[in-house]
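Beneath this line is the structure, given in structure tokens, with notes to follow.
Computed from a prediction, not measured in an experiment: that's the story for all the values here.
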Amino acid sequence: MKQRIVILGGGLAANFLAARIVQRGHKVTIIDDRSPKSASRVAAGMFKIITGRFGALSWKGPDLLKEIHDFFQLPELTSLQRHLHYTPIYRPFKTIEGYNKWLGRAEDRIFQSIVDFQEKPLFPQMLHNEFGGILIKPCGWADTVHLLQGFEHVLSQKFDLIYHFVELSYDQIDIKQQKIQLGKHELPFDHLIFAEGYRMIHNPWLEKVKIIPNKGEILLIKAPELKLPFAISKKVYLVHLGEGKYVCGSTYQNRFEDIEPSDGGKAEIISHLQKAIKVPFEVIDHWAGVRPTTPNRRPIVGTLPDYAHVHVLGGFGTKGMLLGPYTSRLLEQLIFEGVDEIPKEARLDRFF
């Protein structure tokens, strides 16, 4: 039976899930205020599986990459593949200790198919990488702004998904009666999904859920002399957009007074960038957004304990593109098949 699904939020999480649900034949409505500060609209959309200060393998890394590939192979979504860019990511060693650490790891079977160990500096005329580095192969980035636009076009045109770009207050939602007041009209729902990003901190039904807003700032630079066949990750990331333009970021601020770009954030990125590349560059734009992180750095997937028709998908932090396809499948299966394969560290009920 066709069900009425409302998703509150319009970022990557919401659209990945909506794309799965409409293909089941259900009626989906997305409600979003289209905030330009949404992490999905500011992020570079990188998906890489070697992360963190010490270069650890990401949680479920290889599985997450497979989920991205499989998702965009779905027949009605193949046109969205043009917004994905599979490219290696180069992570230079900062010290000889980093070199030595990876020298041992390079022989590990787990890393052999993922990482190419670079003993010598790559492009030394352009990069600071005196100790070499690692080239992470199965990864890339997505143009998230155009990807979200692509979702909107495909899902509304092919599946009649309805987007309401309005600001919704929580007192317009009647959880028990299963309806939302939109202006003079009532929008009934069989299932309601909160996929609001960091704004979950204001959600009265999610008071026990621990979301840590994390502000990130990003620069758009122009560096015509920088010509590299990969993206860079050295304290900051650097992604080539074409025509000598690069997205560079990001800062990580758990304490901040506002969500606007700051002089301090800009200076921090420039300082790190100067330690990563040797060529001149010009800053041509500057953005800021807020990511939803969690204490254990794991996503949040599940159904509210007291409401079997209300669900949550979020807490992606900096990994919205990497985690979206996988977690949306888990929640889709839970809602429509009763199949619960959500790992305990990612379950919503860990907060209850």
message: Would you say that Lys94 contacts Lys235 through its side chain, given a criterion of any heavy-atom pair below 4.5 Å between the two side chains?
response: yes
Here the gap from Lys179 atom NZ to Phe189 atom CZ, rounded to the nearest 0.5 Å, amounts to 10.5 Å
Within a reach of under 6.0 Å around CZ of Arg297, are more than 12 heavy atoms found that belong to other residues, nucleotides or ligands?
no
So CD1 of Ile173 and CG of Asp171: to nearest 0.5 Å the spacing works out to 9.0 Å
Ser250 and Gly216 have their tightest heavy-atom pair at OG-CA, 3.5 Å
In terms of heavy-atom contacts, Pro88 and Phe230 come closest through O-CB, 3.2 Å
Test side-chain hydrogen bond (donor to acceptor under 3.5 Å, both in side chains), reference Ser328, set Glu67, Gln333, Arg20, output is Arg20
Exercise for the section: Would you mind reporting whether Leu74 and Glu76 have side-chain heavy atoms less than 4.5 Å apart? Expected result: no
Per side-chain hydrogen bond (donor to acceptor under 3.5 Å, both in side chains), Gln3 is matched among His191, His309, His26 by His191
Review point. With the threshold set at 4.0 Å, does a side-chain nitrogen-carboxylate oxygen contact exist between Arg329 and Asp70?
Key: no
- Item | Any donor-acceptor pair under 3.5 Å from Thr293 side chain to Ile212 backbone | yes
- With hydrophobic residues grouped by side-chain heavy-atom distances under 4.5 Å, do Leu238 and Leu122 end up in a single group? yes
Report task. Would you check, one step at a time, whether the test side chain to side chain contact (heavy atoms under 4.5 Å, CB included) holds for Leu334 with Leu330? Result -> CA-CA 6 Å; Leu334 178 66; Leu330 294 179; over 6 Å; no
The single option from Asp32, Ile201, Asn203 that satisfies side chain to side chain contact (heavy atoms under 4.5 Å, CB included) with Glu196 is Asn203
Item to complete: Evaluate the side-chain proximity of Phe93 to Lys101: yes if any heavy-atom separation is below 4.5 Å, no if none is.
Response: no
Electrostatic pair Glu337-Arg24, nearest N-O below 4.0 angstrom: yes
Partner of Leu147 under side chain to side chain contact (heavy atoms under 4.5 Å, CB included), picked from Met321, Glu152, Gln81, is Met321
Exercise. Does a sphere of radius 6.0 Å around CD in Glu257 hold more than 12 heavy atoms from other residues, nucleotides or ligands, not counting ones at 6.0 Å or beyond?
Worked result: no
Okay, side chain of Lys234, backbone of Leu127: is any donor-acceptor separation there less than 3.5 Å?
-> no
(message) Taking the side chain as everything from C-beta on, heavy atoms only, tell me whether Pro280 gets closer than 4.5 Å to Glu225.
(response) yes
- Task: Report the C-alpha distance between Leu241 and Trp141 in whole Å, list the side-chain angles of each, state the deciding distance to 0.1 Å, and finish with yes or no for side chain to side chain contact (heavy atoms under 4.5 Å, CB included).
- Result: CA-CA 10 Å; Leu241 303 180; Trp141 63 281; 3.6 Å; yes
Fill in: Heavy-atom donor-acceptor pair, Asp340 side chain to Ile342 backbone, under 3.5 Å
yes
d(Leu323 CG, Leu12 CG) to nearest 0.5 Å is 10.5 Å
- Task: State whether the side chain of Lys184 and the backbone N or O of Gln181 hold a donor-acceptor pair below 3.5 Å, judged by distance alone.
- Result: no
>> Any non-hydrogen side-chain atom of His69 less than 4.5 Å from a side-chain atom of Leu65?
In response: no
Residue pairs passing the ring pair (Phe, Tyr, Trp, His ring centres under 6.0 Å) test with at least one member in residues 241-272, sequence neighbours excluded, are His240-Tyr246
Next on the checklist: Side-chain heavy atoms nearer than 4.5 Å, only ILVMFWY residues, links allowed to pass through others: does that put Tyr86 and Leu80 together?
Outcome noted: yes
Rounded to the nearest 0.5 angstrom, the CD-CZ distance for Gln178 and Arg4 is 8.0 Å
CD1 of Ile284 to NZ of Lys245, rounded to nearest 0.5 Å, is 5.0 Å
Residues passing the side chain to side chain donor-acceptor pair (under 3.5 Å) test with Asp63, sequence neighbours excluded, are none
- Message: For the CD atom on Gln125, are there more than 12 heavy atoms of other groups (residues, nucleotides or ligands in this structure) within a distance under 6.0 Å?
- Response: yes
Between Asp143 and His146 the two heavy atoms that sit nearest each other are OD2-ND1, 2.7 Å
Closest non-hydrogen contact found for Lys48 with Ser233 is NZ-OG, 3.0 Å
One should read off an interatomic distance between Ile277 CD1 and Ile221 CD1, to the nearest 0.5 angstrom, of 5.0 Å
Query raised in the report: Quick check: are there more than 12 heavy atoms from other residues, nucleotides or ligands sitting under 6.0 Å from NZ of Lys278?
Result: yes
**OP:** May I ask whether Leu148 and Ile7 are part of the same hydrophobic cluster, defined by side-chain heavy atoms of I, L, V, M, F, W, Y residues being less than 4.5 angstrom apart, directly or through others?
**Re:** yes
So, Glu345 and Asn296: side-chain donor and acceptor under 3.5 Å apart, yes or no? no
When clusters are formed by joining ILVMFWY residues with side-chain heavy atoms under 4.5 Å apart, either directly or through shared neighbours, do Phe165 and Phe151 land in the same one?
yes
Exercise for the section: Report the C-alpha distance between Tyr237 and Ile218 in whole Å, list the side-chain angles of each, state the deciding distance to 0.1 Å, and finish with yes or no for side chain to side chain contact (heavy atoms under 4.5 Å, CB included). Expected result: CA-CA 10 Å; Tyr237 61 75; Ile218 294 174; 3.2 Å; yes
- [ ] Measure the shortest side-chain to side-chain distance between Thr294 and Arg350 over non-hydrogen atoms and say whether it is less than 4.5 angstrom.
- [x] yes
Exactly one of Ile30, Leu331, Leu8 clears side chain to side chain contact (heavy atoms under 4.5 Å, CB included) with Ile193, and that residue is Leu331
Can you tell whether the side chains of Lys27 and Asp160 come within less than 4.0 Å, N to carboxylate O? no
Notebook entry, point to check: Do Ile162 and Val22 share a hydrophobic cluster, counting only Ile, Leu, Val, Met, Phe, Trp and Tyr and linking them when any side-chain heavy atoms are less than 4.5 Å apart?
Noted result: no
Self-check item: Other residues, nucleotides, ligands: >12 heavy atoms within 6.0 Å of Lys266 NZ
Solution: no
The single option from Phe47, Phe16, Tyr326 that satisfies ring-ring contact (aromatic ring centres under 6.0 Å, His included) with Phe71 is Phe16
Lys208, NZ: over 12 other non-hydrogen atoms inside 6.0 angstrom: no
### Message
Walk me through whether Ile114 and Leu57 qualify under side chain to side chain contact (heavy atoms under 4.5 Å, CB included).
### Response
CA-CA 10 Å; Ile114 298 173; Leu57 184 65; 3.8 Å; yes
*asked:* Are Tyr99 and Phe117, when compared by the centres of their aromatic rings, separated by less than 6.0 Å?
replied: yes
From the list Leu192, Leu348, Val209, side chain to side chain contact (heavy atoms under 4.5 Å, CB included) partner of Leu304 resolves to Leu348
- With a 4.5 Å heavy-atom cut-off, do Glu217 and Lys215 have their side chains touching? yes
Original post:
Does a side-chain heavy-atom distance below 4.5 Å link Ser79 with His153?
Top reply: no
Between Gly249 and Ile269 the two heavy atoms that sit nearest each other are CA-CD1, 4.3 Å
- Message: Tell me if the CG atom of Asn254 is crowded by more than 12 foreign heavy atoms within 6.0 Å.
- Response: yes
